[in-house]
Amino acid sequence: MKLGLLSAILGDMSFEGMIEYASKVGYECVEVACWPKGKANRKYAGVTHIDADTFNDNVAEHIQEHCKIHNIELSALSYYGNPLAENEEVAKASAEHTKKLIKVANALGIDCVGAFIGRSEYKNVEENLERFKKVWIPIIDEAEKNNVKIVIENCPMLFTKNEWPGGQNLAATPDIWRKMFDEIPSKNLGLNYDPSHFIWQQMDYIKPLYEFKDRIYHLHFKDIKLYKEKLADVGIMAYPLNYMSPKLPGLGDVDWGKFASALYDIGYDGPACVEIEDTAFEGSQKGIKRAVEQSYKYMRQFIA
């Protein structure tokens with residue numbers, strides 16, 4: 001495995017500065033945030049370390065040379081939009097930007113593009129699955145042509161009233177993954193597996209590793225702290241942020257020893273990128289760097 005970092009937390013840095021810093025800390029790879037400039041409406045989005053709209057051969061050469069100098073790889077280009085959004089304009093723009101990133105990834109020799117399947121929060125699972133097939137077949141066709149894998153994170157995107165009632169990412173459970181892969185069996189569609197999202201859904205985050213080992217192409221290392229006393233007060237139908245918080249690896253409820261053991265069991269040897277969304281470390285650039293460095297030191301013990 002290669003221990004890496006999702007670059008979104010370093011959004012105030014340039015691409016060059018972010019790569020230099022990640023390498024200095026010790027990370028071996030980076031999942032690069034590649035949002036369209038100025039087009040994000042939620043936290044941890046909108047970071048553009050590589051701009052697909054201005055990308056060309058000269059930019060590609062510069063990126064590759066800079067990474068080579070600092071001995072670090074790019075594990076994925078990422079844009080977590082919503083190609084199934086209720087708003088058709090938003091959905092179309094998200095799908096088109098994902099296709100752009102597929103071409104950029106191919107030009108850079110990068111294997112993966114990180115994404116959400118998306119979801120209309122106002123439609124049921126069956127209705128969203130119908131839209132998934134129509135929207136995603138052309139995207140996966142593009143991925144196949146460019147020899148790139150789409151890696152879907154299993155975040156339900158259901159945290160506050162803004163995503164209520166159904167959330168904005170369909171691919172949140174093993175049950176839906178099976179349906180998803182039945183509809184589009186292409187091996188260019190896989191998972192960016194994040195154990196933390198199973199914690200607050202009160203699901204087993206180890207068992208699915210074994211069933212879906214051939215579809216896991218990328219990992220996110222993020223933790224979640226579930227506050228049982230709050231859950232007892234508001235119940236599972238409340239907004240999830242009312243009873244849980246994203247945390248740095250090691251500061252939440254994921255048993256990272258067990259998780260790493262299962263990864264070795266299944267022979268996983270791909271990228272594993274720390275994703276930082278812990279508000280306790282967000283007050284300053286110093287706090288953010290502390291989070292980046294602490295996460296590296298903690299996860300290094302599990303990733304040989």
Side-chain angles (χ1 to χ4, degrees), residues 1-8 27-33 44 75-80 110-119 136 140 143 148-158 167-181 184-224 226 244 246-250 252-277 295 298-299 302-303:
M1 279 181 272
K2 288 186 171 70
L3 182 56
L5 177 71
L6 175 56
S7 77
Y27 288 104
E28 298 163 282
C29 62
V30 171
E31 178 184 348
V32 186
Y44 306 117
S75 64
L77 305 182
S78 292
Y79 162 62
Y80 295 96
I110 298 170
D111 290 333
C112 296
V113 168
F116 289 147
I117 286 296
R119 176 174 179 163
W136 275 92
I140 298 304
V148 169
K149 300 180 182 72
I150 301 291
V151 291
I152 302 298
E153 187 186 351
N154 52 295
C155 174
M157 280 308 297
L158 174 58
Q168 294 179 356
N169 183 34
L170 184 66
T173 68
D175 177 66
I176 292 176
W177 295 347
R178 294 184 199 102
K179 294 180 174 71
M180 186 173 77
F181 293 135
I184 303 181
S186 170
K187 294 297 184 181
N188 290 73
L189 178 63
L191 299 171
N192 193 353
Y193 194 107
D194 184 334
S196 70
H197 298 300
F198 291 112
I199 295 288
W200 65 268
Q201 293 182 90
Q202 302 182 65
M203 298 164 64
D204 190 326
Y205 58 91
I206 300 291
K207 185 178 178 182
L209 290 171
Y210 294 90
E211 179 179 351
F212 295 95
K213 62 182 181 179
D214 294 332
R215 293 285 192 165
I216 299 171
Y217 303 140
H218 205 283
L219 297 174
H220 275 174
F221 286 163
K222 184 168 82 263
D223 221 329
I224 287 283
L226 185 66
M244 65 83 163
K247 305 298 291 182
L248 300 188
D253 295 330
V254 175
D255 186 325
W256 291 103
K258 287 183 178 179
F259 189 72
S261 178
L263 292 176
Y264 288 116
D265 282 350
I266 66 172
Y268 181 79
D269 62 355
C273 290
V274 171
E275 181 182 15
I276 296 173
E277 296 185 347
S295 297
Y298 182 80
M299 292 309 302
F302 301 111
I303 307 303

**Student:** For residues Ser196 and Asp194, is any side-chain donor paired with an opposing acceptor at under 3.5 Å?
**Tutor:**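 Side chains of Ser196 and Asp194: pair found under 3.5 Å.
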**Student:** Taking atom types as modelled, is there a side-chain donor on Tyr80 or Asn192 under 3.5 Å from an acceptor on the other?
**Tutor:**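 Indeed, the side chains of Tyr80 and Asn192 share at least one donor-acceptor pair under 3.5 Å.
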**Student:** For a quick test of reading the model, state the closest non-hydrogen atom pair linking Met1 to Leu263 and the distance between them.
**Tutor:**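 Looking at all heavy atoms of both residues, the shortest contact is SD-CD1, 3.8 Å.
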**Student:** Show, in sequence, the C-alpha distance, side-chain angles and deciding distance for Phe198 and Tyr193, and conclude whether the side-chain contact (heavy atoms from CB on, under 4.5 Å) test is met.
**Tutor:** CA-CA 10 Å; Phe198 291 112; Tyr193 194 107; 3.6 Å; yes
**Student:** Testing the basics here: between Asp223 and Gly252, what is the closest heavy-atom pair and its distance to 0.1 Å?
**Tutor:**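 Taking every non-hydrogen atom into account, OD2-N, 3.2 Å.
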**Student:** Verify, without hydrogens or angle tests, whether Glu153 (side chain) and Phe116 (backbone) share a donor-acceptor contact under 3.5 angstrom.
**Tutor:**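 Not at all, since once roles are kept as given, no pair shorter than 3.5 Å links the two residues.
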**Student:** Determine the interplanar angle of the Trp256 and Phe221 rings, folded into 0 to 90°, and report it as parallel if under 30°, tilted if 30 to 60°, perpendicular if over 60°.
**Tutor:**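 Ring orientation, 0 to 90° scale: perpendicular.
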**Student:** With side chains defined as the heavy atoms from C-beta onward, is the minimum distance between Tyr217 and Asp111 less than 4.5 Å?
**Tutor:**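 A side-chain contact is absent here, since even the closest heavy-atom pair is not under 4.5 Å.
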**Student:** Quick one: pull up CG in Leu219 and CD in Glu31 and give me the separation to the nearest 0.5 Å.
**Tutor:**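 Separation between the atoms: 10.5 Å.
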**Student:** Looking at Glu275 and Lys222, does any basic side-chain N land under 4.0 Å from a carboxylate oxygen?
**Tutor:**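 Yes, Glu275 and Lys222 are salt-bridged.
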**Student:** What closest approach, in Å, do Ser7 and Val30 show between heavy atoms, and which atom pair accounts for it?
**Tutor:**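 Heavy-atom minimum between the residues: CB-CG1, 3.9 Å.
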**Student:** Determine, step by step, whether Lys213 and Tyr268 satisfy the side-chain contact (heavy atoms from CB on, under 4.5 Å) criterion, reporting the C-alpha distance in whole Å, the side-chain angles of both residues, the deciding distance to 0.1 Å, and the verdict.
**Tutor:** CA-CA 8 Å; Lys213 62 182 181 179; Tyr268 181 79; over 6 Å; no
**Student:** Nearest 0.5 Å, what's the CD1-CG distance between Ile117 and Leu170?
**Tutor:**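 Answer rounded to 0.5 Å: 7.5 Å.
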**Student:** How long is the gap from OH on Tyr210 to CD1 on Ile216, to the nearest 0.5 Å?
**Tutor:**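 It is 10.5 Å, given to the nearest 0.5 Å.
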**Student:** Which atom pair, heavy atoms only, marks the closest approach of His220 to Pro195?
**Tutor:**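 What the structure gives for the nearest pair is O-CD, 3.4 Å.
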**Student:** Roughly how far apart are Leu6 CG and Ser295 OG, rounded to 0.5 Å?
**Tutor:**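 If we round to the nearest 0.5 Å, Leu6:CG and Ser295:OG are 11.5 Å apart.
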**Student:** How far apart are the closest heavy atoms of Cys112 and Val151, and which atoms are they?
**Tutor:**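 Heavy atoms of Cys112 and Val151 come nearest at SG-CG1, 3.8 Å.
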**Student:** Find the distance between CZ (Arg119) and CG (Leu158) and round it off to the nearest 0.5 Å.
**Tutor:**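 CG of Leu158 is found 8.5 Å from CZ of Arg119.
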**Student:** Please answer whether the main-chain N or O of Met157 pairs with a side-chain N or O of Asn169 as donor and acceptor at a distance below 3.5 Å.
**Tutor:**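 No, the answer is negative, given that no donor and acceptor are paired below the 3.5 Å cut-off.
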**Student:** Test side-chain contact (heavy atoms from CB on, under 4.5 Å) on Cys273 and Cys29; report intermediate values, then the result.
**Tutor:** CA-CA 8 Å; Cys273 290; Cys29 62; 4.1 Å; yes
**Student:** Are Tyr79 and Val113 packed together at the side-chain level, in the sense that at least one heavy-atom pair is separated by less than 4.5 angstrom?
**Tutor:**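 Side-chain contact under 4.5 Å: no.
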**Student:** Atom CD1 in Ile140, atom NZ in Lys187: separation rounded to 0.5 Å?
**Tutor:**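 Here the rounded value is 13.0 Å.
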**Student:** Do Phe181 and Leu191 come close enough that some side-chain heavy atom pair is under 4.5 Å?
**Tutor:**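 Yes, close enough: below the 4.5 Å cut-off.
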**Student:** Any sub-3.5 Å donor-acceptor pair from Asn154's side-chain atoms to His197's backbone N or O?
**Tutor:**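 No; judged by distance alone, with no hydrogens or angles, the pair does not exist.
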**Student:** Would Leu5 and Ile276 count as a side-chain contact (heavy atoms from CB on, under 4.5 Å) here? Give the steps.
**Tutor:** CA-CA 8 Å; Leu5 177 71; Ile276 296 173; 4.2 Å; yes
**Student:** What is the minimum heavy-atom distance between Ala172 and Gln201, and which atoms define it?
**Tutor:**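 Of all heavy-atom pairs spanning Ala172 and Gln201, the closest is O-NE2, 3.5 Å.
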**Student:** Ring-plane angle category for Phe212 and Trp177, please: parallel below 30°, perpendicular beyond 60°, tilted otherwise.
**Tutor:**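 Judged by the thresholds at 30° and 60°, the geometry between Phe212 and Trp177 is perpendicular.
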